[in-house]
Participant: 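Handing you a structure now.
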Amino acid sequence: MAASVTCLYGVGEERANDLKALGIETIGDLLEYYPARYEDYRVRDLSEVRDGERVTLVATVYSEPSVRFFGKKKSRLTARLVIGRVAITGVWFNQPFVKQRLSVGKQIMVTGKWDKHKLQIVVSEMIEADSPKARKRSDLAAVYPLAGSVSLSFLRKLIEQALDKYGDQIEEILPQPLVERYRLMPRAQAIRAIHAPRDVEEGRQARRRIMFEELFLFQLKIQAHRRIARRQAEGVAQQIPLEEVRQFVRSLPFQLTGAQKRVVKEILDDMQAAYAMNRLLQGDVGSGKTVVAAIALYATVKAGRQGALMVPTEILAEQHVQSLRSLLEPYGLQVALLTGSLSAKQRRDVIDGLQMGLIDIVVGTHALIQEDVFFRSLGLVITDEQHRFGVEQRRVLRSKGFAPDVLFMTATPIPRTLAITAFGDMDVSTIDELPAGRKPVVTRWVKHEQFHLVLEQMRRELDKGRQAYVICPLIEESDKLDVQNAIDVHAQLATYFPQFRIGLMHGRLPAREKEEVMQQFASGRLHVLVSTTVVEVGVNVPNATYMVVYDAERFGLAQLHQLRGRVGRGAEQSYCVLIADPKSEVGRERMRVMCETNDGFEVSQRDLELRGPGDFFGTKQSGLPEFKVADLATDYKALEVARQEAASLIGSEIFWRAPEYEALREYLRREGILEGTVLD
Ligand code: ADP
Ligand code: MG
C-alpha cells in the first residue's frame, strides 16, 4: 500500500506529478481517493423519468438514421427508436459516424438527457445492449474530483488496475467485534465496492463502512490524545469542602434543574482531580449557566484559591459582577471588576488585591490578560462566550496560574456532533433543560410593509408596562452606516411613540454611556432600547417582553437565537418579531426555523444542515477535520457511536497491549499520537 503509484502501468513521472496534485502518491492514497458521486447507468422505465433528467434507456432502432450537417463541423443525427410500444427520437449531435452503428432492428443502450415533451433523448453515450461491455458495466460509475491532466477515464482505469494488483493486500483495521456489531463490510470489500459498486445497495454499504472507519479513527485519535494529555497534565487536585458547597446550593432562591446538578458534579469532579480541567459548558440562553459558574467559583475560593471570569464585553462584565456579587458576597467572598474603563487608581487597587489575595474573584474583559495582572493563587478560569476569545488569549489567561482548571461557557449551542468533533480535546458538559415555568418566546416573521402592525403590537406591550428591544443590523462594511441605521430608527420611534422613552445604544458610544443606557433600561426608566447587536449576549432584563429585529436576514441563525434570548426571561409571554425580506430560499428557510423552534440545539442543528459544517464556525478557525466520506451534518449518529466505541477502547488496558490492536496502535503512531509517550 505504501508503494508508489509509479508501480502501476501507465504512470510515468509526469502523470505521477499530476496525481500528486490530487494528493495521490502511494497505492494506498489512490485506493482511498473516493468517488465524489456516481454516474447512474441503471436502465429505467420511461414512465418514471422526469423531464430534463439524465437517463439510460434500452431501445430498438426502428428507422434508418438521418444526418443533417451545419457547416463543416456541426451535425445532428436523428433516428426513430422504440421502447416497448413507445416510439421516441434519439438525437446525436456532432457524431455523424454513429450512423454506421445504428442498423434497423438493433438493440442499443443509450444514456442522455430526456425531453418529455418531444419524447426525445439527446444521447451522450451509447453501447450495444447485447455486448460484453453492456453486461460488464455496473449500474453506477464512479466520478472523481479531477485536476490537471488527469482525466476521469484514466483515473477509473488506474484505480481498477490498482484494485486488481493490490486489492487482496488491503487489511482490516477495525477490531473484529466492531465489524460484527455494526454489520460493517470488511475493509477490502468496501474499498473495492466504493469504487465499483455492483448496485446501489452495495455502494451504500461500502460508504457506510468507510464513513464509520473515518469517524472511529478520528475519535480514537482524539481520545488517545486526551488520555495521554491527562496523564501528563500537571494540575492541582483542589481540596473542595463539598458540604459547604452543598449548603451554598441549598441557599439559592431556586432549586437547580437536573441538568444543572449534573454539570455541577462534572465540573467539581474535574476540579478535584489531579489533572487540569479543560471543559466546555454549553447551554441555551437562559438555561442557568451563570449559577453553575458561581457554584464553581465558590468552590474554588473555599478550596483556598482565586477565580477569574473573562467575558467579551464591558456590559457583560458589569452584569456578571452584579449577579456574582449578589450570590457570593453574602458568604464573604470579595468580587471585583477589572475592565479597560477603570481609573488608574481603581485598576491599581484591583491588581494589588489580586496579588495579595484580598480579592477572591475577578470579572473582566481583555483587561484581565494584561501582563501586569497577577494572582496569588489562581485556581479556576472561566471564559464566557469562548468563541470570541482567540486561542492565544485563553492560553495567556491560563498561564496566570499554575495549571488552573479551565471552564469555557457558551450560549451558542453547538450541535453535539460538532462539539465532540471540533472540541474533541475538551470535555463537554451540556445543560439541556430550562428552568421550569419558562414560556417559550412566540416568534413571527413579517415583511417590511407590515411594520405598522408590529408597532401596534409593541404599543400594547408597552402600555402594559413592559419593555422592548429594537435591534438594527450590523452592516459590516461600515460601522458608520451601522450606527446611522440605529440613529434613524431611534428617531422614527421617538416620533411614533412620544409618550415613551426610547434609548439608543451602539458600539460607538463611550463605555460609560453604554453602561448608563443599559442601567436605565434595566431599571425601567427607558421603555424601548434601540440597539445594534451589542446587547447580544448575557443581558438580562426580565421585564422586556418584546423584541423587533430589523433586516433579520442579515443575521446568522445562531445570532438571531442569541438575540431572541434577551426576551422570555420573566414570567410574562414574550414576542420576537423578525422583519425580513430574504432573497434566497435558504434565507426564507432560516426565518421559518426561527419561527418553528425555540430550542437552541435544534436551531444550531438546522443551521448546520443549511450551511454545512465548514461554514459553521466561520471557515477561518473552525478546527474541523476534513473527512473524505463522512458528513457531519448527516452522520452524527454514527459519530456518537464511534465516539463511544473509541472511548471504551482507549480506556481499556488491553488496547495498549493486545496484538489484535496492533494495526490501530500503528495508526496512532503514524498520526504522531504515541510519539514520545512512555506507557506505564
Ligand atoms: P444563561 O447564562 O445560561 O443564559 P442565566 O444563568 O443568566 O442563564 O439564568 C437565567 C435566569 O434564570 C436568571 O435570572 C437565573 O437566576 C435564573 N435561573 C437559573 N437557574 C434557575 C433554576 N434552576 N430555576 C429557576 N431559575 C433559574
Ligand atoms: Mg449568562
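Indexing begins at 1, ligand by ligand and atom by atom, following the structure's order. Numbering of residues begins at 1 and proceeds along the displayed sequence.
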Participant: Under a heavy-atom criterion of less than 4.0 Å, does Gly283 contact ligand 1?
Facilitator: no
Participant: Where's the contact between Thr290 and ligand 1, heavy-atom distance under 4.0 Å: side chain, backbone, both or neither?
Facilitator: both
Participant: Which side-chain N or O atoms in residues 249-260 pair as donor and acceptor under 3.5 Å with protein atoms at least two apart or in another chain?
Facilitator:
residue: Arg250; atom: NH2; partner: Glu243; partner atom: OE2; Å: 3.2
residue: Ser251; atom: OG; partner: Phe248; partner atom: O; Å: 2.7
residue: Ser251; atom: OG; partner: Tyr331; partner atom: OH; Å: 2.3
residue: Thr257; atom: OG1; partner: Gln260; partner atom: N; Å: 3.1
residue: Thr257; atom: OG1; partner: Gln260; partner atom: OE1; Å: 3.3
residue: Gln260; atom: OE1; partner: Thr257; partner atom: N; Å: 2.8
residue: Gln260; atom: NE2; partner: Gly288; partner atom: O; Å: 3.0

Participant: Check the side chains of Gln238 and Thr300 for a donor-acceptor pair under 3.5 angstrom, ignoring hydrogens and angles.
Facilitator: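 Their side chains do contain a donor-acceptor pair, which is all the 3.5 Å distance test asks for.
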Participant: Considering only NZ, NE, NH1 and NH2 on the basic side and carboxylate oxygens on the acidic side, decide whether Arg590 and Glu553 come within less than 4.0 Å.
Facilitator: no
Participant: Would you call Arg569 a ligand 1 contact, heavy-atom distance under 4.0 Å?
Facilitator: yes
Participant: Suppose I only count heavy atoms of Gly288 and a 4.0 Å limit; which atoms of ligand 1 are within that range?
Facilitator: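 Contacts of ligand 1 toward Gly288, numbered from 1: 1 (P), 3 (O), 5 (P), 6 (O), 8 (O), 9 (O), 19 (C).
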Participant: Can you name the nearest heavy-atom pair linking Ala294 to Leu328, along with the distance?
Facilitator: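 Of all heavy-atom pairs spanning Ala294 and Leu328, the closest is O-CD2, 4.1 Å.
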Participant: Examine the proximity of ligand 1 to Gln255 and report which part, side chain or backbone, both or neither, has a heavy atom under 4.0 Å away.
Facilitator: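 The answer is the backbone of Gln255.
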Participant: Which atoms from ligand 1 have a heavy atom of Asp284 less than 4.0 Å away?
Facilitator: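 The list of qualifying atoms is 3 (O).
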Participant: Name every donor-acceptor pair, under 3.5 Å, that has one atom in a side chain of residues 455-462 and the other anywhere in the protein, sequence neighbours excluded.
Facilitator:
residue: Glu456; atom: OE2; partner: Tyr496; partner atom: OH; Å: 3.2
residue: Gln457; atom: OE1; partner: Arg444; partner atom: NH2; Å: 3.0
residue: Gln457; atom: OE1; partner: Tyr546; partner atom: OH; Å: 2.6
residue: Glu461; atom: OE1; partner: Thr545; partner atom: OG1; Å: 2.8
residue: Glu461; atom: OE2; partner: Lys464; partner atom: NZ; Å: 2.9

Participant: Do the ring centers of Tyr550 and Phe451 come within less than 6.0 Å of each other?
Facilitator: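 That pair passes the under 6.0 Å test.
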Participant: Purely on distance, is any nitrogen or oxygen of Phe254 under 3.5 Å from one on ligand 1?
Facilitator: no
Participant: In ligand 1, which numbered atoms sit nearer than 4.0 Å to a non-hydrogen atom of Thr257?
Facilitator: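 This gives 23 (N) as the contact atoms.
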Participant: Can you list the atoms of ligand 1 that are under 4.0 Å from a heavy atom of Leu256?
Facilitator: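 Near Leu256, the atoms of ligand 1 are 23 (N).
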Participant: Under 4.0 Å from ligand 1, counting heavy atoms only, is it the side chain of Ile431, its backbone, both or neither?
Facilitator: neither
Participant: Go through the steps to decide whether Gln519 and Glu515 satisfy the test side-chain hydrogen bond (donor to acceptor under 3.5 Å, both in side chains), and finish with yes or no.
Facilitator: CA-CA 6 Å; Gln519 210 52 56; Glu515 204 177 292; over 6 Å; no
